[in-house]
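Just so it is clear: chains get the letters A, B, ... in the order the sequence lines come, proteins before strands, and each one is counted from 1.
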2 protein chains.
Amino acid sequence: MTMEATLEGVRERLYLKVKGQIVERIEQLRPGVLIPPERDLAVAYETSRTTVRKAVAELVTEGRLVRRQGSGTYVAEPKLAWPLSVSDFNGHAEAETEGLRTCTILLGTERIAAGEELADRLGMRPGAEILSMQLLRSVNDAPMALECVHVVGRRYCGLEAEIAASEFVYEVLRKRISDRVARAVETIETVPAAPSQAALLGTEIGTPMLLVTQHGHTAQGEPVEWVQTWYRGDRYSFVAHITKPQAHAGRHLMPT
Amino acid sequence: MTMEATLEGVRERLYLKVKGQIVERIEQLRPGVLIPPERDLAVAYETSRTTVRKAVAELVTEGRLVRRQGSGTYVAEPKLAWPLSVSDFNGHAEAETEGLRTCTILLGTERIAAGEELADRLGMRPGAEILSMQLLRSVNDAPMALECVHVVGRRYCGLEAEIAASEFVYEVLRKRISDRVARAVETIETVPAAPSQAALLGTEIGTPMLLVTQHGHTAQGEPVEWVQTWYRGDRYSFVAHITKPQAHAGRHLMPT
DNA sequence: CAGTGGTCTAGACCACAAT
DNA sequence: TTGTGGTCTAGACCACTGC
């Protein structure tokens, strides 16, 4: 993740090294495959079982491994997507009316060649220029979320400078980008905080966060932006006020 | 929580006992207060520091304690509520169109006298009868969520029987209750899985879950239901398809 | 400097699964 | 019975805070 580059000098943590090595192993395996016992991994990686367990624990909370007592540890099935209706996760307007002071800091920007995955998400060819921006969003002076925005570089010349020069970082960003977005797909999941994220948010490594991924398109279906936002799960709850559009009358029954 | 009663025979876990004792302590303290060092707690509770750390770790992920290296552990500020717009977290209709088979099992029901908190939430006097229902919701035969529904008992005579007799548990429940709901407040937060929940969902104790709390009211503002749903965070991601109602043009700028 | 939380070790015993 | 993950112990050393 690009966010890693934001923080330097993080002391190497053994359990993270082990975690990385386990990830390398299981990436090539299919769901349901049994991985070696914790005691064997401890020997293989020349460490203690406790350290292996910490690494495995994070992979379990990320949904990549499943532990079965008495049986073993297995590669997990990929996460299932469950439908949900959200209309705007970034309720700035409401926040202000409730007396919350919001603040956004531009941590950094970079223009790099798109990898295969991002290129696909933004509808461009691999190697074309991507503009990435990292933001730190705070509420009442306490860090709340890290946001990583990716757009097609060619479409947004000088956007970094414009944002850096503005007092209203977030609003400028959203105005320049979101005006083109007509439809979006949002994904919400829980993930443990990485060390760099924990440092920036003042939270603990491994603390659960809400990861919201937004994929915005124009009305014509052209990809506009791919945004990931990590919210502190320990410090915030998210509140929605809902007014029901219609009774459920029109829906047909289905097996429950 | 009522859900606790659903499972028996869970072996007593020392770190949970310690956690409970710490909770008792900090409940009476104000945010920002320093609690005793881990080594002292280990002595006081006649256990090891490791066990104390596991208990404290869960309280940190619940946002009740904050650890500061080199300084100490403190009672946390209460969670901040961040506004969010959600219109229907239970996207049954969409789920089916995407080929997900949903299934709901009624785990249990009970009619008990309302405590002060629940009575207040449901607009009744303490001691009046509350109907609580526990549901296990699965997708493609894999447990996805635990739901605990609370309504005013007097308003729903025989609802348990009606649901127990039906094939369409969830739809009957929502039809009978949600038809009265016009407005709702939803809260989303991350919490670690309790042992009883972990057992029912086939997940691990302490795994982060998405806790969604729904507080439904009639158009006249009368409370109808108070529902808590725990979703497995390791196994599911939640996807929303959004169509933007309007451009952001009308909004005024605000400090970011 | 002393005291705190953060990481890691080596080993014990338990509960459960598979045989 | 054997081997697995689950819990717990006692202690070490490190990194950081605050005096």
Side-chain angles (χ1 to χ4, degrees), chain A residues 7-19 21-22 32-61 65-76 192-196 198-199 202-207, chain B residues 7-19 22 32-61 65-76 192-196 198-199 202-207 234:
Chain A
L7 189 76
E8 319 258 328
V10 179
R11 187 186 176 281
E12 184 181 40
R13 261 159 270 251
L14 186 49
Y15 84 88
L16 286 175
K17 196 174 136 201
V18 170
K19 183 182 168 187
Q21 288 172 302
I22 296 176
V33 172
L34 181 67
I35 72 167
E38 295 172 350
R39 289 162 177 89
D40 290 6
L41 289 174
V43 172
Y45 297 138
E46 293 178 307
T47 179
S48 69
R49 194 179 152 209
T50 313
T51 300
V52 170
R53 276 186 67 76
K54 192 161 183 181
V56 171
E58 285 211 354
L59 290 168
V60 169
T61 74
L65 290 177
V66 176
R67 290 203 269 221
R68 279 204 278 273
Q69 180 172 148
S71 173
T73 303
Y74 303 81
V75 178
S196 57
T203 188
E204 287 197 40
I205 296 169
T207 292
Chain B
L7 190 76
E8 320 259 327
V10 180
R11 187 185 175 283
E12 183 180 42
R13 261 159 269 251
L14 186 49
Y15 83 88
L16 287 175
K17 197 174 134 199
V18 171
K19 183 182 168 187
I22 297 177
V33 173
L34 181 68
I35 72 167
E38 294 171 351
R39 288 162 178 89
D40 290 5
L41 290 175
V43 171
Y45 297 138
E46 293 177 308
T47 179
S48 69
R49 194 180 151 208
T50 313
T51 300
V52 169
R53 275 185 69 77
K54 191 161 183 182
V56 170
E58 284 212 354
L59 290 169
V60 168
T61 73
L65 288 178
V66 177
R67 289 204 267 222
R68 279 205 278 274
Q69 180 173 149
S71 172
T73 304
Y74 303 81
V75 178
S196 57
T203 187
E204 287 198 42
I205 297 169
T207 291
D234 58 339

Under-4.0 Å salt bridge between A/Arg53 and A/Glu58: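 Salt bridge between A/Arg53 and A/Glu58, a charged N being under 4.0 Å from a carboxylate O: no.
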Kindly say if [X] contacts the phosphate of [N], meaning a side-chain N or O under 4.0 Å from OP1 or OP2.
| X | N | value |
| --- | --- | --- |
| B/Thr50 | D/dT7 | no |
| A/Arg13 | C/dT7 | yes |
| A/Arg39 | D/dG3 | no |
| B/Arg67 | C/dG6 | yes |
| B/Ser71 | C/dG3 | no |
| B/Ser48 | D/dT9 | yes |
| A/Lys54 | C/dT7 | yes |

Residue A/Arg53, side-chain heavy atoms: nucleotide from D/dT9, C/dG6, D/dG5 that is nearest: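 The closest nucleotide is D/dG5.
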Residue B/Gln69, side-chain heavy atoms: nucleotide from D/dT9, D/dG6, C/dG6 that is nearest: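 Nearest listed nucleotide: C/dG6.
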Using whole Å, report how far [atom1] of [X] lies from [atom2] of [N].
| X | N | atom1 | atom2 | result |
| --- | --- | --- | --- | --- |
| B/Glu58 | D/dT7 | CD | C1' | 13 Å |
| A/Glu38 | C/dA17 | CD | C1' | 15 Å |
| B/Leu14 | C/dC14 | CG | P | 15 Å |
| B/Ile205 | D/dG5 | CD1 | C1' | 12 Å |
| A/Leu59 | D/dG5 | CG | P | 14 Å |
| A/Tyr45 | C/dC8 | OH | P | 15 Å |
| B/Tyr15 | D/dT7 | OH | P | 6 Å |
| B/Leu34 | C/dG3 | CG | P | 14 Å |

Test item: A/Arg67 and A/Glu38 side chains (from C-beta on) under 4.5 Å apart, heavy atoms: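 The answer is yes, as the side chains (C-beta and beyond) meet within the 4.5 Å cut-off.
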Closest non-hydrogen atom pair between B/Pro195 and B/Ile205, with its separation: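 Closest approach of B/Pro195 to B/Ile205: CA-CG1, 3.7 Å.
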For the student: nearest non-hydrogen atoms of A/Tyr15 and A/Ala55, plus distance: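 Closest approach of A/Tyr15 to A/Ala55, heavy atoms only: O-CB, 3.4 Å.
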N/O donor-acceptor pair under 3.5 Å between A/Ser71 side chain and A/Arg68 backbone: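 No: the side chain of A/Ser71 does not pair with the backbone of A/Arg68.
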5′-ward residue of the pair A/Arg49/A/Val52 relative to DNA chain C: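 Its nearest nucleotide lies further toward 5', so the answer is A/Val52.
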